[in-house]
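Below is the structure I would like to discuss, written out as structure tokens.
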Amino acid sequence: MNLPKEFITYTSALFGAEMWQRFLSAFEGETLTSIRLNPWKLPSEPIFKNAQPVPWCKNGFWLNERPNFTKDPLLHAGSYYVQEAGSMFLDQVLHEHIKTPVLALDLCAAPGGKSTLMRAVLPSGSMLVSNEVDRKRANILLENMQKQGHADVLITHNYPQDFNKTHWLFDLILVDAPCSGEGLFRRDKEAIKEWSLNNVLFCQKRQRQILSDIWPCLKEGGFLIYSTCTFNTRENEENVKFIKEELGAEILPVSIKPEWHITGSLLKDWQEPVYRFIPGTTKSEGLFMAVLRKKGSSSNPAILPQSARKHALANKLIHLLYDGKALPEQKGKEEIPTAAQALSLNFPKDKYPQVDLTLEQAQHYLHREALILPKDTPKGFVIVCYQNQALGFVKNLGDRANNLYPKNWAIKNL
Ligand code: SAM
């Protein structure tokens, strides 16, 4: 393990001797694997045997080993999402603080770990806008959100300041900020190579810009959740302090249990409630999270969750990639049903015949190969499933079924 010298000097002092030693030992140990189940898409048999519950997230589990997720059809059916246990702390935060339907924005959302969690946990009647500024990453976000299947989402591809111009007001904004990634060093050796003190300072500046740009879009009394996957106080406590003092917010506590071993503020003489997941101390990769409430009394949102879709479609400033309504593709005069439709929780699947595939067939389907379906399968469009969970469509010609799985979702190697 080749950690940068400046990182060692700073972080060992920040953690203190014991926590630093535990952190170093964790580097030698095995990386942890955890997943979060999608309660709307569970097959009748448990997907993972002997999984250990993550105590701060109802549907989160640690696995005993890391399976080949790419080859598991249930991952592609949206039955679960692979996520760090620390990130699942958002479940605890939302359950405790968000009790009524909200218009929520996940500003830095790709690949979609926190957005898929938020969408599963927000009270019914809420609308989630999942936004990603990077186009390539926005496509991955779109894929992950469509696979999870929830309809009350809008996927957007905008800069933070674009929202500012729309005059939208959100009840809840999550800023899971781009950061120096110190908390991922154990898993991602590239993050180690890219680290420098200059980059930490650059990240802090960019985080404050993002926060300042989006702040006017949070309604008075609205919640802001700020998170990073890094350890230094510049990108964490000091930014939370900045939000409180410069933007105008109070910092809210979240209930935790001592046996979770979550660490509080590491900024000297500043003991506000913030939540740190430190490898070796907490069973997770690194994560920092804080919950804030904007000063002022709660006012009605400028748009209600139910009408957000209409506003987004009408608003030319918003680059909308998906409005939550999965549609067929029009090819000439023919309407071709899409995988996004088959995967949507709102889609009336009984409109089409459904065929359950074996594991091997399902993997070949995800590899975009033609299939041969049982002889009695009707000709035409058919939904193919694995363990009764929809994967997508084929067009059954009788002697073979043509594969309609999206090219950019296909698994590359079998
Ligand atoms: N929330 C995601 C999840 O849980 O799967 C991870 C988000 S990642 C930590 C930060 C994201 O911020 C990246 O997808 C990155 O493209 C995006 N980003 C980078 N620069 C940005 C900026 N200036 N404004 C907003 N988002 C930015």
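Reckoned from all heavy atoms, side chains included, excluding hydrogens, waters and symmetry mates. All ligand and atom numbering here is 1-based and tracks the order in the structure.
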* Asked: Of all the atoms in ligand 1, which lie at a distance below 4.0 Å from a heavy atom belonging to A177?
  ->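 Those of ligand 1 that fall under 4.0 Å from A177 are 9 (C).
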* To do: Would you check if there is a donor-acceptor pair between the side chains of Q204 and R234 at a distance under 3.5 Å?
  =>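 No - no donor-acceptor pair under 3.5 Å links their side chains.
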* If you have a sec, work out which protein heavy atom is nearest atom 22 (C) of ligand 1 and how many Å separate them, to one decimal? =>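 It is I210 CD1, 3.5 Å.
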* To do: Go through the side-chain N and O atoms of T166 and N315 and say whether any donor and acceptor fall under 3.5 Å apart.
  =>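 No, no side-chain donor-acceptor contact under 3.5 Å.
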* Specify the protein heavy atom at minimum distance from atom 6 (C) of ligand 1: its residue, its atom name, and the distance to 0.1 Å. =>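 Heavy-atom neighbour on the protein nearest atom 6 (C) of ligand 1: A110 O, 3.0 Å.
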* Asked: Heavy atoms only: which of D213, T230, D176, I214 is nearest to atom 10 (C) of ligand 1?
  ->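 Answer by nearest heavy atom: D176.
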* Asked: Short question: side chain of T281, backbone of F277 - any donor-acceptor pair under 3.5 Å?
  ->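 Not confirmed, T281 side chain does not pair with F277 backbone.
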* To do: Indicate, as side chain, backbone, both or neither, the part of A109 found under 4.0 angstrom from ligand 1 when only non-hydrogen atoms are considered.
  =>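 Backbone only.
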* Asked: How are the rings of Y405 and W409 set to each other: parallel, tilted or perpendicular (split at 30° and 60°)?
  ->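 Correct class here is perpendicular.
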* To do: Consider only side-chain N and O atoms of E237 and W270, and report whether a donor and an acceptor are under 3.5 Å apart.
  =>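 On atom types as modelled, these side chains do not qualify, holding no pair under 3.5 Å.
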* To do: Examine R137 against ligand 1 and note whether any of their N/O atoms are separated by less than 3.5 Å.
  =>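 Indeed, backbone or side chain, R137 has an N or O that close.
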* How far is atom 17 (C) of ligand 1 from its nearest protein heavy atom, and which residue and atom name does that atom have? ->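 Answer, as residue, atom name and distance: E132 OE2, 3.7 Å.
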* To do: Say whether S87 and ligand 1 are in contact under the criterion: heavy-atom distance to a ligand atom below 4.0 Å.
  =>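 The answer is no: ligand 1 sits nowhere under 4.0 Å from a heavy atom of S87.
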* What protein heavy atom sits nearest atom 27 (C) of ligand 1, and how far away is it? ->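 Heavy-atom neighbour on the protein nearest atom 27 (C) of ligand 1: V133 CG1, 3.4 Å.
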* **Pair N239, Y226: side-chain N/O donor-acceptor within cut-off below 3.5 Å** =>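 A donor-acceptor contact under 3.5 Å links the two side chains.
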* Cut-off 3.5 Å, side chains only: do T228 and N236 have a donor facing an acceptor? ->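 Judged by distance alone, the side chains do pair up.
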* Which atoms from ligand 1 have a heavy atom of D134 less than 4.0 Å away? ->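 That gives atoms 16 (O) of ligand 1.
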* Asked: Does a donor on one side chain and an acceptor on the other come within less than 3.5 Å for E182 and N232?
  ->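 Distance-only check passes for E182 and N232.
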* **Option among T230, N199, N198 that satisfies the side chain to side chain donor-acceptor pair (under 3.5 Å) test with S180** =>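 Of the listed residues T230, N199, N198, the side chain to side chain donor-acceptor pair (under 3.5 Å) partner of S180 is T230.
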* To do: Please confirm whether S115 comes under 4.0 Å of ligand 1, counting heavy atoms of the residue only.
  =>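 S115: no contact with ligand 1 (<4.0 Å).
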* Heavy-atom nearest neighbour in the protein, as seen from atom 5 (O) of ligand 1, with distance rounded to 0.1 Å ->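 Of the protein heavy atoms, G113 N, 2.8 Å lies nearest.
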* To do: Name the closest protein heavy atom to atom 11 (C) of ligand 1, giving the residue it belongs to and the distance to 0.1 Å.
  =>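 Looking at atom 11 (C) of ligand 1, the protein heavy atom closest to it is C108 CB, 3.7 Å.
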* Does a donor on one side chain and an acceptor on the other come within less than 3.5 Å for R187 and T31? ->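 No, no side-chain donor-acceptor contact under 3.5 Å.
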* Asked: Nearest protein heavy-atom contact for atom 19 (C) of ligand 1: which residue, which atom, what distance?
  ->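 Ranked first by proximity to atom 19 (C) of ligand 1 is P178 CG, 3.6 Å.
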* Would you mind listing which atoms of ligand 1 come within a distance below 4.0 Å of any non-hydrogen atom of P160? =>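 Those of ligand 1 that fall under 4.0 Å from P160 are 24 (N), 25 (C).
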